[in-house]
Each structure stands twice: as structure tokens, then as C-alpha cells.
*Asks:* 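To start, I am sharing the structure in question, which I have written as C-alpha cells.
Within every chain, numbering begins at 1; the chains are lettered A, B, ... in the order of the sequence lines, protein sequences first and strands thereafter.
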Amino acid sequence: MLQQLKMEEKPCSAALSVQPSRGLVDEKFVVLVQNTVPSCPLTIHASHQCEDGHSWHAFAHYTSDASGVVNVSEDCSVGGTYSGVEAMGLLWSLKPVPGSKPGLRMRKKNVQAPMVITISVYKGHLTEGFGDQVPLAGTEVERWYMAPGVRRIAVTEDGLTATLFLPSGPGPFPGLLDLWGGGGQLVEYRAALLASHGIAAMALDYLTCKYTMETGKMVEQDYFEAAYTFLQKHPKVLSSRIAMLGFSLGTSVTLKTAVYSEVMKLRCALCISGSHVQPLDGFLKETLGYFNENSGKTCFTEDNEAIWRNLLLPIPTDLSLKVDMKEMMERAGNSHLLTLLSYPNAGHLIEPPYTPHARSSLFRDVKSRQMLMALWGGQTLEHSRAQEDAWRKLLVFLRKNLYGGVKSTSPLSNL
Amino acid sequence: MSLRSPPPILSVRPSRALVDEPFEVLVENLPPGGPVTVRSLHRSEDGDDWEAYGHYVSDHSGKVSVSEDLSFGGTFSGKQPMALLWSMRPVPGSRSGLRLRKLKVTTPMLVNISVYRGHNDFRDQTPLASAITERWYMAPGVHRVDIREEEVQGTLFIPPGPGPFPGVVDIWGGWGGLLEYRSALLASRGFASLTVEYLKPGELQTDLEFSSFEAAFNILKDHPKVLSDRVGVLGSSAGSIVTLYLAAESTAVQPRCVVCISNANCYPHESGLSGIQHLLAKKFDKIRLDENNHEIWRGIGLALLDDAPYKVDMGKIRSPVLLVNGLDDQNWPVLETADRMAQVVGAAGKAHLLYRLDYPNTGHQIEPPFSPHFRATNLAIDGTKDKAILLWGGETKAHSEAQEDSWKKILSFLRQHLYCSPKAKI
């Protein structure tokens, strides 16, 4: 009878699991390999085909322990696209596969479908030829920008080009205007993710919106006021709890609004990778004009990548023209309102966590329609850490200021 | 609620999960020390509304954690992280004798979790906050394949990855029709699984013979993504008869291991289950009624223990067998059956092949974890259009604990025997 239970000579079937298999883009996962040969060199590989059809991959080298297990959250990678103990390295170290077009950047356009990543485990420490070998095991992981129940609503009234994301539930919810930078377009993913955290967030296209595309003119302040008013009047939005989040050029709009707007009363403002240096008169057209005037300060690397950081430098030292934000506020006595997060070795594109770092990428100038390779900067490891830390702190800041009581007595919850 | 006070926030983590995975429900920003009700609501594929709810009191920081706090009453009480699922029942005013089962496994079960002010009359209010959570039977990358062969109809679920994988033939019992959810879940846990269609939905009749199940076993075994010598069988209720036959008597196939949930061992016909409804009908005089007029069928099985025309000879088992039974099973004498089988197995010197899990206060329908427990459901009997309410048994909390525990142990048993490493984690 025992003979009938044939013991198979074949090696054990390795098992690979990722928990959770369906998560939000900013959630951590645990990648676990089990049932492999003990003390065996293994490569864990992630592959993803983005919406443009480009292939991205990441991989790391591990050695299974005495019970045939690798736990990516606890074990050390000894090489690959990341090293060390990095639970989420398989995502943030994703790179275009060799032979790809240069200057790619991963950005999700359709936020109603998840990002799908295939994770596989191979025998040995491989650095290439993944397509030629059969992995020991593989699995798929979904990463979502929208939590279940989040509603996506296209907004075209009042001349707006925007998308509103409402959290799940009866509401009403605090609101937020989400502004991206000089590349224009209607970029939805951050607003979708914020709605998954309980904020009615509206992504607003202000550079390539319908009005601008049809008339050739930049929008004025009243465009942003219309967006703010739309949120304010929305039955699912708490009119006294509206924030603005601006990235890059969007920071210029956010700061001007926070300080000077009579119509838009922001509960709080968030600025990523931006500056307060801008002409006080006028609005967008004048700010972009100011950049243009200084475009001669653009530098180029050996690889012809454009460096724009000098356009706004030097910041005037004339006390009447300005100083840096922190000093200005200290002198004005309102520096208690400022929270400053500065990340060494992080670049310009501080995105939601675990999205791959792009040190440089192709950028189309909105006005000239010219394509250039822009150098954004940042070292991948530190940049990815900065993204994780900044996002967590951003959510805590929003929770405190938008969900906090009038006296802000609620203790901060762990996010 | 005042315009100035901050809104409460309800979160479910993870928001998307497999059905056998736990979640954490957290409510924040509530007025401190206030009574609230947390409620789950689900609309089934049949259009019925199911709910569960617990009464809580927020702490000084305005928080309620369903995983950590005590419920003071509702459809469950005490510290019960997952009771918002397993204690679900049809909302007041629903039809009676309902059962919650997902037929379409390619989409998730959507559950709405809300928090209401107070402990009374919450259904009339707008909730303070709510969130939707998705519960999936299929993990990302699991592949669903229709099987439409001459002898075998069913559905095959293949795990993601290159394979090959161990396989599990999944055989249900009466009245289910083609049920895919357990196979889908097995595939999400690494087993290629084939669920066989042999009983018409809502009925307990079949023409399928044992040979067709042998054919199904071979379809799975011969599949290019399946390890041909690592195929087991999982059967429940009437399906366990077929399972035991394959384990002991079949000369055509040899499962590597088998699992029987709510075992039965008698069959009407040398070659299969056809005519089973007549075999049972012969003993209908043994049906008892409980205080609600629900039918207790275990007497039929007791009478058949000695009287059935055919019984699987358990002395001939060739591979490990796991029996999972509920001691409050009112539909079939599962304990008596298991005891008889254990005697036969022992006498044949094969006791080391038999494993048993006997769960107190647990009924007949032992489902995957967190599935709502139903003590009795409406079913058509005897091939006629008459319906009766059959009593399955079980006390909800104990039954739900048994579902959770047995699933873990079933997976661990399958991994032990179908994946080769004896140290594989649960």
C-alpha cells in the first residue's frame, strides 16, 4: 500500500504569494516564497506592461532560508534593481526593460482599472533573460488608485475641465482641488487616491483645458474660483473644509490663492516641489511669462537633459522683494502655520508612494509643444523613501486639518 | 450634525480581499463615548438584502474598532472581528429559508459597512459614514475554464503562474447545481480545481455514474498544468459518497488524498448516485419536524446506516482521508457514519490514514470561512415542485468558528499531501 503512494522525484512546487493581492497603490504588501529548496539562490522578478504598451521590470536576488522560505519584507536582497530589506522594492525600483525608448515615465491614465503586476520567482541569481526561463512560480497583483465605492465624475460645467472623485459613503466630505504642473493634461490618479482616503478631490486641468485649447489663451483666476465654487456648492462637499494641493507650477497657483484670494478660503494648502517666487500682479499667464523670461538660465547636461532649477534663482535677497518662505513667515509671525519637509537626494517628481522614480523623462512644453528631456533629479532609493514619507505625512496633515475638530483636539491616528 | 463638527470616517482594511481573509473595520472621529451601530449590508444575486450589525460605544478618542472592541448586541456580541460577515441574515421582511451563495465568481461580493448613531432604529437613519468592501473568490490571475466534454460538464480553475499545480476535484452535494466558489477559492490557494456539474440546481437527482467522476478526475490529472500524481478530491454531503468511492473502490483512479465534509457513505446503485432521491424517499417516514416545522432528515441516514443497498468499503482506502463533520448536523448522521467508517478502517489496519475533525454545535453546511450560517433553508424535494424547509443545524457562532478552523485545516491537509514539503506553512 505504501508503494502505491509514489514519492515523486521531481523538485517541490514552490509557492509564491503576495498579500494583499489587491491593494491600493499606497498600501504595502508582503511577498512570500515558500516550499523552495533550502539555502537556494533565487530571483524575485516583477513585470508590468503600462498603458502605453511599454514593459517595465524589477528584480532582486535572495537566498532561501533553511525552511525554503523567502520573505521580501524581512530578508535582504543582495542585488538587482534594489538591495537590502525593501518590502516594496519590487514596485518602486521598476525600470523600463533594456532596449526601451529613453525618457519614459509611468503614469496611470485609466484609474478605474488596476495596475497589474506579475511577480515570479526564478532559480538562481538572474539579471537578464527572464523571458527565456520558466519561473518556479508566479502570481499576479492588482494595485488600485480607486477604493471600492469611490465615484468618478467628469466635470464640464462652468467651463471647467476636471474630474471629481467622491469617497464611498453618504458624505458630506472635505474637498480638495488637485493641481499638477507645467505638463498640463487632466491627471486623475492622485485625486482618485485621495478620495480613497475620504477626501472629495477634484483634479483640475488648467493648462490644456477646453477653454485654452479653443481660445489659445491661459485661464485666469476666475477659472480656479469656478472650480472652488463648484466644490463649495456640491451637496457632498463640506463647504468650509476645502484644501488645495499644487505640484510644481501648481504650487504657484496654490500659494497665490492661499495668500491673496478673496473668494477661495482654503482650509489648508499643500505644495510639492514648488516655489513662491512669482510676479504678484496677474496670474498664470504672468507666472509662465516670468519663467519664459528666465529661460536663458536653463542648463543642459551632457545627455542634453534640461535643468530648470536655476530659472527661479537667485531668490532676491532684497528684503522688500523677498527671502525664502520660512524666513518670510518667521518675520511675519505666522511660521507656526508652516510645515516644511525637505528630502535629501529626492528629485522633483514626488509622487504617491511605490511609483517608479524617473530621474529624467520626456516632457512636452505646453506652450511651445516642444519635446525635451527634462532632468528631474533624485537618487532612486532616497527618492522612493521620500515619496513614502511625504505621502504619509500629507495624509496626516489633511486628516488633521480637514477632519480635525474646530479645536483640533482629536489625536492623530496612525495612517 | 453641526456644520462645524468633523465627519466620522469608516475604513475597512483591506478594502479588497479574498473571502477567506479577515478584515479590520475602524471608525474614527465619532463623538467620544457615544453609542453607535456598525452594520454590514449585502444585496445577493437573487436580490435579497442581508445584514449583520453590532452595537458599540466609541472610546474617548472617538474610535470604534470592530476587531478590538466589544459588541454589546445585535446579530453578534463580544469581540468578533468578522461577525459582520458570518452573522449576516436576511433583513426583516425577507422571504424565509434563504441561503447566500455566490454563483458568479468572476465578480466580487460587495458588502457595504456603515456606522449609525445610537443602538435603536438605525435602519431609518442615514449612516454617519460608510465604505464598500469587495470579497473575492478568485485571486488576480486565476484562470476560469468551462469544461464541456461529453461525459463531464463543469468548471476548471487554474492558479496563476507557470504551474504545474496539484489538483483537487470538487464535488458538491444536493440541490446546489454547478457551484464554482469553492474551486475558485482553492485555485486562489494554489490548487487547480475542477468542480463537476452533476445535480440539477434545486434538485437531488442525477444520472451521472461513478465512471463520469473518474473521467473528471482524469481530465484534471491529464491537464498540462496539473501534476498528474498529485490530484486529490474534496466532496461535501452527497458529494462525499463519490469522494469515498474514488478513494477506496475505484480501479480507474487513485486520489492522492481526499477530504469529506459532512460525510455520507451509502449509495443506491452499483454504478452511482442515480436514484438517490428514491433511496431517501423510502425512509421518509423517519423525517422528524422541529418546533418550527423544519424537516430533520438525519433519521433517514440512521436507518440507511444498516439498510443501504451499497456502502463504500472503507477498509479498501489507499490514501489519507480527512473527515470534517458538525456534531449538530440535523440533516445527516455524520458522526455515526464517521464512527462506523473508523471502525472499518481500524479493522483493516489503516487507522493511520484516517483523520477526523468533529466540531461541536456545528451543522451540515460547512462552508468557506465567514460565509453566513443558515440553520434551515427552502428546498424542493423528491423531484416534485413541493418545497420543504430542511434543518441543517448548528449554532451560529460555533458553526462560524468551525468554518474558519476547518478551512485552514483542509488547506493544510491538502498542502501536506499534494505539495511535497512536510513543513509547508498553513
Side-chain angles (χ1 to χ4, degrees), chain A residues 1 4-8 10-13 15-24 27 32 34-36 67-69 114 116 118 120 134-142 144 147-150 167-174 196-198 238-241 399 402-406 410-411 413, chain B residues 3-18 21 26 28-29 61-63 108 110 112 114 126-134 136 139-142 159-166 188 190 227 229-230 254 256 318-320 350 353 415 417-421 423-425:
Chain A
M1 178 233 357
Q4 288 171 349
L5 294 172
K6 285 180 283 193
M7 285 315 281
E8 186 55 44
K10 243 156 76 167
C12 299
S13 355
L16 173 64
S17 70
V18 180
Q19 283 284 93
S21 51
R22 291 179 175 95
L24 286 181
E27 279 173 359
L32 193 63
Q34 293 172 278
N35 242 26
T36 58
S67 52
V69 169
V116 178
T118 302
S120 314
V134 178
L136 298 173
T139 192
E140 274 187 26
V141 179
E142 290 176 6
W144 290 80
V150 166
S168 181
F173 310 99
S196 304
H197 287 280
L238 288 160
S239 54
S240 63
R241 291 169 190 259
R399 175 68 75 94
L402 296 181
Y403 271 99
V406 175
S410 322
S413 47
Chain B
L3 275 177
R4 301 187 62 111
S5 52
I9 307 159
L10 188 149
S11 60
V12 182
R13 280 195 203 182
S15 52
R16 293 180 172 93
L18 291 180
E21 288 168 354
L26 184 66
E28 297 167 282
N29 249 23
S61 68
K63 249 192 246 194
L110 294 176
N112 187 305
S114 313
T126 305
L128 300 173
S130 68
I132 294 185
T133 179
E134 292 179 0
W136 289 81
V142 165
F165 307 99
S188 301
L227 288 160
D229 63 335
R230 285 170 199 270
Q254 196 169 251
R256 183 115 174 172
R318 302 156 290 180
S319 50
K350 297 185 180 179
L353 288 179
R415 282 187 189 121
H417 296 289
L418 301 182
Y419 275 92
C420 76
S421 165
K423 294 197 188 83
K425 270 193 206 169

*Asks:* So A:R399 and B:I9, do their side chains get closer than 4.5 Å, heavy atoms only?
*Replies:* yes
*Asks:* Looking at chain A, which one of B:G141, B:P162, B:A129 has the largest number of heavy-atom pairs inside 4.5 Å, strictly under?
*Replies:* B:P162
*Asks:* Using a 4.5 angstrom heavy-atom cutoff, name the option from B:G190, B:P159, B:G161, B:P160 with the most pairs to chain A.
*Replies:* B:P160
*Asks:* Roughly how far, to the nearest 0.5 Å, is CG of B:N112 from OG of A:S168?
*Replies:* 6.5 Å
*Asks:* A:S21 versus chain B, heavy atoms under 4.5 Å apart: side chain, backbone, both or neither?
*Replies:* both
*Asks:* If you count heavy-atom pairs under 4.5 Å between each of B:A139, B:P14, B:S114, B:S11 and chain A, which one has the most?
*Replies:* B:A139
*Asks:* Does any heavy atom of chain A fall under 4.5 Å from the side chain of B:A17, the backbone, both, or neither of them?
*Replies:* neither
*Asks:* Could you tell me if the side chain of A:R22 sits less than 4.5 Å from the side chain of B:P140, heavy atoms only?
*Replies:* yes
*Asks:* Flag the pair A:L24 / B:R16 as yes when at least one side-chain heavy-atom distance between them is below 4.5 Å, and no otherwise.
*Replies:* yes
*Asks:* By a 4.5 Å heavy-atom criterion (distance strictly below it), what part of B:L18 contacts chain A: side chain, backbone, both, or neither?
*Replies:* side chain
*Asks:* Specify which of A:P167, A:A137, A:P20, A:P174 makes the most heavy-atom pairs with chain B at under 4.5 Å.
*Replies:* A:A137
*Asks:* Is it the case that the side chain of B:N29 and the backbone of A:Y403 share a donor-acceptor pair, with hydrogens and angles ignored and the cut-off at 3.5 Å?
*Replies:* yes
*Asks:* What's the shortest heavy-atom distance between A:P170 and B:P127, and which atoms?
*Replies:* CG-O, 3.2 Å
*Asks:* Name the region of B:S15, side chain, backbone, both or neither, that has any atom closer than 4.5 Å to a heavy atom of chain A.
*Replies:* both
*Asks:* Does a side-chain heavy-atom distance below 4.5 Å link A:P172 with B:P7?
*Replies:* no
